[in-house]
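The chains referred to below are lettered A, B, ... by the order of the sequence lines, with proteins before strands, and numbering in each begins at 1.
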There are 2 protein chains.
Amino acid sequence: MKKAITLNSVAVEAGVSRATASLVLRDSPLVSLETRDRVICAMDKLGYIYNRGAANLRGQKTGTIGLVLCDIGSPFYSQLMLGIDEVIVDANIVAILVNSAENPDRQLRQIRRLREHGVDGLILCPAAGSSDTLLSEIERLHLPFVQVLRHVSQRNGNYVGPDYIDGTSLAVTHLVRHGRRKIAFLGGKPVHSAARERLDGFRKTLKKHKLKHDLIIPTHLGNLSDLGSFPELLASSSPPDAVVCYNDMLAQSVMGYLLARGKIPGRDFAVIGADDLPQSAVSFPTLTTIVTDPMGVGRNAARLLLDRIDNPTTSSTRILVSGQLMIRQSCGGQLS
Amino acid sequence: MKKAITLNSVAVEAGVSRATASLVLRDSPLVSLETRDRVICAMDKLGYIYNRGAANLRGQKTGTIGLVLCDIGSPFYSQLMLGIDEVIVDANIVAILVNSAENPDRQLRQIRRLREHGVDGLILCPAAGSSDTLLSEIERLHLPFVQVLRHVSQRNGNYVGPDYIDGTSLAVTHLVRHGRRKIAFLGGKPVHSAARERLDGFRKTLKKHKLKHDLIIPTHLGNLSDLGSFPELLASSSPPDAVVCYNDMLAQSVMGYLLARGKIPGRDFAVIGADDLPQSAVSFPTLTTIVTDPMGVGRNAARLLLDRIDNPTTSSTRILVSGQLMIRQSCGGQLS
DNA sequence: CTGTTAGCGCTTTCAG
DNA sequence: CTGAAAGCGCTAACAG
């Protein structure tokens with residue numbers, strides 16, 4: 001390993017002091033043009049690389065944020081990251097990605113690790129089963145944070161997520177308007193706020209229409225081929241005529257299941273998903289879905305976090321990205 | 001901002017010197033049990049947080065690696081990250097994720113930024129159109145790196161990727177064996193090695209079977225609804241009877257297109273994808289696909305990088321994760 | 001087994 | 001406009 005090129009060597013090469021070189025680094029207007037040029041030349045010549053680690057030691061901010069997701073394997077989170085990336089890249093900030101894998105212990109370990117690395121803040125999608133002490137844990141670390149998609153507490157902490165209640169409600173209303181009367185909800189147990197809110201919207205709206213609202217079918221969301229008791233229900237003497245799914249992936253799986261049995265979604269049975277993933281626009285049938293705009297959530301979350309990093313004392317904010325329904329063939333749209 | 005808790009305050013609290021406390025931090029056996037306990041107690045009591053940034057200033061390694069992807073929005077990359085995460089998490093290493101968005105300039109900027117943050121190495125999926133100076137650029141930064149999925153140069157630099165040539169070849173052979181004679185390739189221009197290798201495997205194998213091998217349809221992969229000239233070709237007087245697609249997402253889109261026109265993939269037309277994404281096992285029809293094992297690629301890449309970080313001088317390694325064909329309904333499998 | 005002493009590479013007063 | 005000097009929090013010899 002050859003000797004590293006430090007700001008000092010640059011300064012020597014340019015014939016100035018280290019302090020002056022440092023000023024050039026940060027585009028300070030206090031340096032003469034001539035000197036600046038000389039320093040910049042020296043940097044190029046030596047192949048100088050700025051050492052942020054050293055700078056961080058003095059300054060407060062590291063220019064990194066932590067991203068704690070519970071399932072980095074899911075396409076939905078990819079979209080979220082895209083939105084986050086879009087805003088942090090302009091702020092010259094970089095994201096450290098860790099995976100809690102829905103495991104609260106691992107989640108905490110990873111958060112601590114992030115803290116050791118000195119991240120300026122955290123975007124966090126709390127693992128299912130996170131205890132409500134999670135937030136105070138993070139606060140004890142003096143880390144600004146914003147929860148996305150799920151929240152641990154109804155009141156505390158910043159939160160950005162889709163309006164699941166409203167979205168699910170829109171979906172149910174749409175189904176009812178299209179004459180569906182026996183509507184099931186497929187997917188997930190109420191293990192976190194995002195699932196609970198969906199179920200709330202589902203029940204509430206069915207109740208409003210005086211319809212049966214207990215057709216809730218849990219599945220293991222990590223496994224797309226798990227449709228829970230849906231097959232049995234479908235084969236029963238009074239099968240449902242529509243299903244709202246936890247997300248698009250599951251909805252696509254249901255559509256596959258129906259098609260394989262000769263039922264055409266959108267004609268014989270209505271299916272609605274949630275998320276509006278790109279593939280939902282090109283499948284057969286195309287999928288009617290609750291738009292949750294993960295990129296938008298990501299953008300908002302990142303912006304909120306950056307703001308909180310600069311103004312740590314501001315009180316908690318919650319941003320609900322309002323949902324809308326993308327109507328396609330699987331319910332309501334024209335089947336070609 | 002209250003005074004930060006440093007190792008020094010811990011040492012004072014525990015009544016030892018900073019050096020001793022530092023030893024405790026790193027589980028050195030040179031500290032008496034009794035002292036160790038006292039120090040650990042002090043840490044807990046004070047809520048001490050290890051400052052890696054400061055440690056990095058002395059040591060060589062930061063315990064971070066950079067992950068430079070060209071499209072963090074794609075589900076395929078999610079799987080890759082899952083594999084990488086699996087191995088680095090055990091090594092107590094954390095990944096900084098950046099997105100080149102297929103833009104070589106942005107890619108270089110991001111790599112420089114990672115370097116400033118002191119990453120120990122790089123896992124890099126080179127953006128389409130990366131010039132061959134990219135590798136020397138990175139080497140000049142003294143960064144160990146491994147390319148994944150695509151490579152800039154045939155010979156230089158570590159590389160881990162699926163065996164696209166072989167995989168595509170398997171697909172074509174399978175189609176021929178099932179009586180398909182007019183086989184098209186859908187998706188992508190040969191803008192990077194991963195695309196070129198697919199096309200090579202495609203042409204080579206068709207040639208071997210003495211079949212027409214020029215039915216190559218470029219599409220814009222970022223847009224799933226872009227099927228290029230496929231619709232026209234299908235409507236022409238001598239349409240193809242099978243298509244190998246660049247990836248599963250595109251294959252699903254094609255299947256949607258076919259179904260919407262009353263053609264059943266696997267019966268009237270054969271479709272093969274690539275990647276074996278989870279949804280390909282539950283769609284209708286289920287998708288025959290070239291398994292590229294993104295998680296496996298990720299695992300191998302991460303392992304290779306960690307090895308190269310420890311042994312920087314070792315010569316370049318290339319790992320081809322061999323492909324296989326997952327046979328399902330869209331070609332060869334039983335349509336229920 | 002524990003303490004002393006130098007730095008790592010940078011920023012930041014404070015004087016020129 | 002430029003330089004000198006004092007750290008940021010930690011590790012790594014080297015002495016005790």
* To do: Can you sort out the partners of S28(A) under side chain to side chain donor-acceptor pair (under 3.5 Å), two or more places apart, ordered by chain and number?
  => none
* Structure fact -> Protein-proximity profile, nucleotides 10-16 of chain C, B/S/- by nucleotide at the 4.0 Å heavy-atom cutoff, equals BBB----
* Salt-bridge criterion met for E137(A) and R140(A) (N-O under 4.0 Å) -> yes
* Give the intermediate values and the outcome of side-chain contact (heavy atoms from CB on, under 4.5 Å) for residues N99(A) and R106(A). => CA-CA 8 Å; N99(A) 186 7; R106(A) 177 166 166 166; 3.9 Å; yes
* Asked: On DNA chain C, nearest-nucleotide positions of T20(B) versus L57(B): which is more 5'?
  -> T20(B)
* P75(B) to P75(A) - nearest heavy-atom pair and separation -> CB-CB, 4.0 Å
* Asked: When you check the side-chain N and O atoms of T317(A) and R308(A), is any donor under 3.5 Å from an acceptor?
  -> yes
* Asked: Within this structure, what is the CD-to-P distance between E34(A) and dT2(D), rounded to whole angstrom?
  -> 8 Å
* Could you state the CG-P distance from N56(B) to dA12(D), rounded to the nearest angstrom? -> 11 Å
* To do: Let me see the working for E34(A) and R38(A) under salt bridge (Lys or Arg N to Asp or Glu O under 4.0 Å), right down to the final yes or no.
  => CA-CA 6 Å; E34(A) 197 262 333; R38(A) 234 177 30 219; 3.4 Å; yes
* Any side-chain N or O of T35(B) less than 4.0 Å from the OP1 or OP2 oxygen of dC1(C)? -> no
* Verify whether one side chain among S22(B) and R18(B) offers a donor that lies under 3.5 Å from an acceptor in the other. => no
* Structure fact -> Rounded to 10°, the helix from dC1(C)-dG16(D) to dG16(C)-dC1(D) deviates from straight, judged by its five-pair end axes, by 30°
* Asked: CE of M43(B) versus P of dG9(D): gap in Å, rounded?
  -> 15 Å
* Asked: Salt bridge between D90(B) and R303(B), side-chain N to carboxylate O under 4.0 Å?
  -> no
